[in-house]
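Step one of this worksheet: look at the structure below.
Nothing here was measured: the structure is a model prediction, and the numbers come from that model.
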Amino acid sequence: MTRLRLRSVLLRCCLLGALISATGPSRAAPPPGGSPPAAAALRQKARISFFSKRWADAEASFEAALAAPDAAGMTEVQQAEVLGYLGLSELEQGKHREAAEHLGESLEHDAALKEPLVRRFTAGFNKALEHVGRIYVAAAPPDAEVLLDDEPIGTGATVLELFVDPGKHTLRARLSGYEELSHRVEIAGGATIGATLTLSRVAPAPPRTPEPSATKRGPVGPAAAPAPGPWASWPGTLRIAGIAVTTAAISSGTVFMLRANVLDRDIDERGGGLNRDPASTWDACRQVPQPSACPELHRLRVQRDTSRVLGAALVATGVVVGAATVVSFFAGSSSPRAKAAPAALHVLPVTTAQQIGVVALGAW
């Protein structure tokens, strides 16, 4: 009897030890998998809110699932589904730009999604695009940072696809060592445009010229300008024109005056012949009918008077111009620092009822 009791006690002790040894490790270590993953719980909660049409709750839960600590452990299918349902939740709330962004990211993994989900997400994406603008931006160099309305959105390493609200927007690209570039765009809902931002290198600063040392620096004063010659202080072309006009006027005037003298002698000879004719005298030219020699005498007298007036006028003009030209030489040499004023010579013919001549106009 005593042995049976001892055996029973020993058996109970063995069973208790075995139980303790079996349950000890399980208490020390957490069960496989521990508590349910945060991302999985949030996905489940978000799906319940989505199918219950609580769009704001669904949006918040889907965003929390993407930001969960263990979100990196989601499979490609799970991540694509979360992005797609998040975009649909935003679309139901009128957040078209956000919906286009998330649905577009989801459809980048369309190969991993089931066909019904692809069709549903594609329809939602196209509906969101009707209310937003899409901009494709390329930038060079690839390291250039791209900003949309002063918010960084990426670099020029890839072509960026941007979804923006309709209206005006500013694209900028910047990179150290390059000149910053800004580009203003305006886009309507449902439109798609492209923009290329190519930066130019900053021009290097010119090297600074070393200043001369103080020992070599002399007193600063006005530089003495060389005294200009007479031809520099007075326009040479004006003097040449004055000489040419003087020579031509005096020569032409002399020719006209010589011709007037020749005509005068011719008139005297013809008048003398007319006086020697007993049938006619000088006074006969004032009578009617006139002798045949009278018209010729009248023509010669007109030519003589005209030549005499033209000759005198040309000689006088030549003398005046010549005198002014000579004075200009003395004026230029006497005032070497005088500034040359713009001058021009104009010779105008003048004809009146009493005389014929020329007028020389100019600044001397």
Side-chain angles (χ1 to χ4, degrees), residues 39 59-60 62-68 71-113 117-203:
E59 177 188 2
F62 281 125
E63 288 180 344
L66 292 173
M74 287 191 297
T75 64
E76 182 182 4
V77 176
Q78 292 172 343
Q79 187 175 8
E81 288 181 354
V82 169
L83 288 169
Y85 282 120
L86 173 59
L88 293 179
S89 301
E90 293 166 335
L91 182 63
E92 293 292 341
Q93 299 176 77
K95 300 179 179 180
H96 301 102
R97 182 180 60 81
E98 294 85 349
E101 291 177 353
H102 293 133
L103 287 168
E105 292 180 21
S106 174
L107 291 173
E108 291 177 0
H109 309 278
D110 56 352
L113 294 171
L117 283 180
V118 173
R119 290 196 300 267
R120 186 172 185 180
F121 293 163
T122 302
F125 180 68
N126 293 333
K127 186 176 180 180
L129 283 182
E130 296 176 359
H131 303 276
V132 299
R134 179 163 51 179
I135 306 175
Y136 290 99
V137 182
D143 296 337
E145 182 183 20
V146 182
L147 299 92
L148 172 65
D149 298 331
D150 295 329
E151 293 186 5
I153 55 174
T155 65
T158 59
V159 177
L160 302 174
E161 182 183 29
L162 309 178
F163 300 98
V164 297
D165 295 323
K168 296 180 180 180
H169 299 275
T170 301
L171 294 169
R172 287 197 299 130
R174 61 189 181 187
L175 181 63
S176 178
Y178 291 81
E179 295 182 359
E180 184 174 314
L181 181 62
S182 180
H183 182 59
R184 188 77 169 171
V185 297
E186 185 173 1
I187 190 169
T192 300
I193 61 175
T196 302
L197 306 176
T198 303
L199 301 183
S200 302
R201 285 190 176 274
V202 176

message: Testing the basics here: between Leu175 and Pro141, what is the closest heavy-atom pair and its distance to 0.1 Å?
response: CD2-CG, 3.9 Å
task: Answer yes or no: is there a side-chain heavy-atom contact under 4.5 Å between Val132 and Ile187?
output: no
Closest non-hydrogen atom pair between Val159 and Ala138, with its separation: CG2-CB, 4.5 Å
- prompt: Which distance, rounded to the nearest 0.5 Å, do you find between the CD of Glu63 and the CG of Leu83?
  reply: 10.5 Å
- prompt: Does a side-chain heavy-atom distance below 4.5 Å link His96 with Leu91?
  reply: yes
query: Which pair of non-hydrogen atoms, one from Ala112 and one from Glu76, has the smallest distance, and what is that distance?
result: CB-CD, 4.0 Å
query: If you measure from CG on Leu129 to CZ on Phe163, what distance do you get to the nearest 0.5 Å?
result: 5.5 Å
task: Evaluate side chain to side chain contact (heavy atoms under 4.5 Å, CB included) for Asp150 paired with Thr170, printing each intermediate quantity in order.
output: CA-CA 8 Å; Asp150 295 329; Thr170 301; 5.8 Å; no
message: Does Arg201 have more than 12 heavy atoms from other residues, nucleotides or ligands lying within 6.0 Å of its CZ?
response: no
message: Suppose we screen for side chain to side chain donor-acceptor pair (under 3.5 Å). Which residues come up paired with His169, at least two apart in sequence or across chains?
response: Asp149
- request: Walk me through it: do Val77 and Glu81 pass the test side chain to side chain contact (heavy atoms under 4.5 Å, CB included)?
  value: CA-CA 6 Å; Val77 176; Glu81 288 181 354; 3.7 Å; yes
message: Just so I know, are the side chains of His183 and Leu181 near enough to count as touching, which here means a heavy-atom distance under 4.5 Å?
response: no
task: Just do the side chain to side chain contact (heavy atoms under 4.5 Å, CB included) check on Leu171 and Leu162 with the steps written out, would you?
output: CA-CA 11 Å; Leu171 294 169; Leu162 309 178; 4.1 Å; yes
query: Looking at CZ of Arg134 and CZ of Arg97, how far apart are the two atoms once the value is rounded to the nearest 0.5 Å?
result: 15.0 Å
- request: Report yes if the side chains of Ser106 and Leu113 come closer than 4.5 Å at any heavy-atom pair, otherwise no.
  value: yes
- prompt: Mind checking whether Glu59 and Lys95 have side chains closer than 4.5 Å, heavy atoms only?
  reply: yes
message: I want to check something: taking the side chain as every heavy atom from C-beta on, are Leu103 and Leu88 in contact at a cut-off of under 4.5 Å?
response: yes
- prompt: Is Arg174 paired with Glu180 through a side-chain N to carboxylate O contact shorter than 4.0 Å?
  reply: no
- request: Under the side chain to side chain donor-acceptor pair (under 3.5 Å) rule, collect the residues that match up with Gln78, sequence neighbours excluded.
  value: none
field: Ala99 versus Gly87, closest heavy-atom pair with distance
entry: CB-O, 3.3 Å
query: Atom CD in Glu161, atom CD in Glu108: separation rounded to 0.5 Å?
result: 7.5 Å
- request: Quick one: list whatever passes salt bridge (Lys or Arg N to Asp or Glu O under 4.0 Å) with Glu90, sequence neighbours left out.
  value: none
- prompt: Which pair of heavy atoms, one from Tyr85 and one from Leu117, lies closest together, and at what distance?
  reply: OH-CD2, 3.4 Å
- prompt: Which atom pair, heavy atoms only, marks the closest approach of Ile135 to Val164?
  reply: CD1-CG2, 3.9 Å
Reported CD-to-CG distance for the pair Glu105 and Leu66, which is rounded to 0.5 angstrom: 9.0 Å
message: Set out, in order, the CA-CA distance, both residues' side-chain angles and the distance that settles side chain to side chain contact (heavy atoms under 4.5 Å, CB included) for Thr198 and Tyr178, then state yes or no.
response: CA-CA 10 Å; Thr198 303; Tyr178 291 81; over 6 Å; no
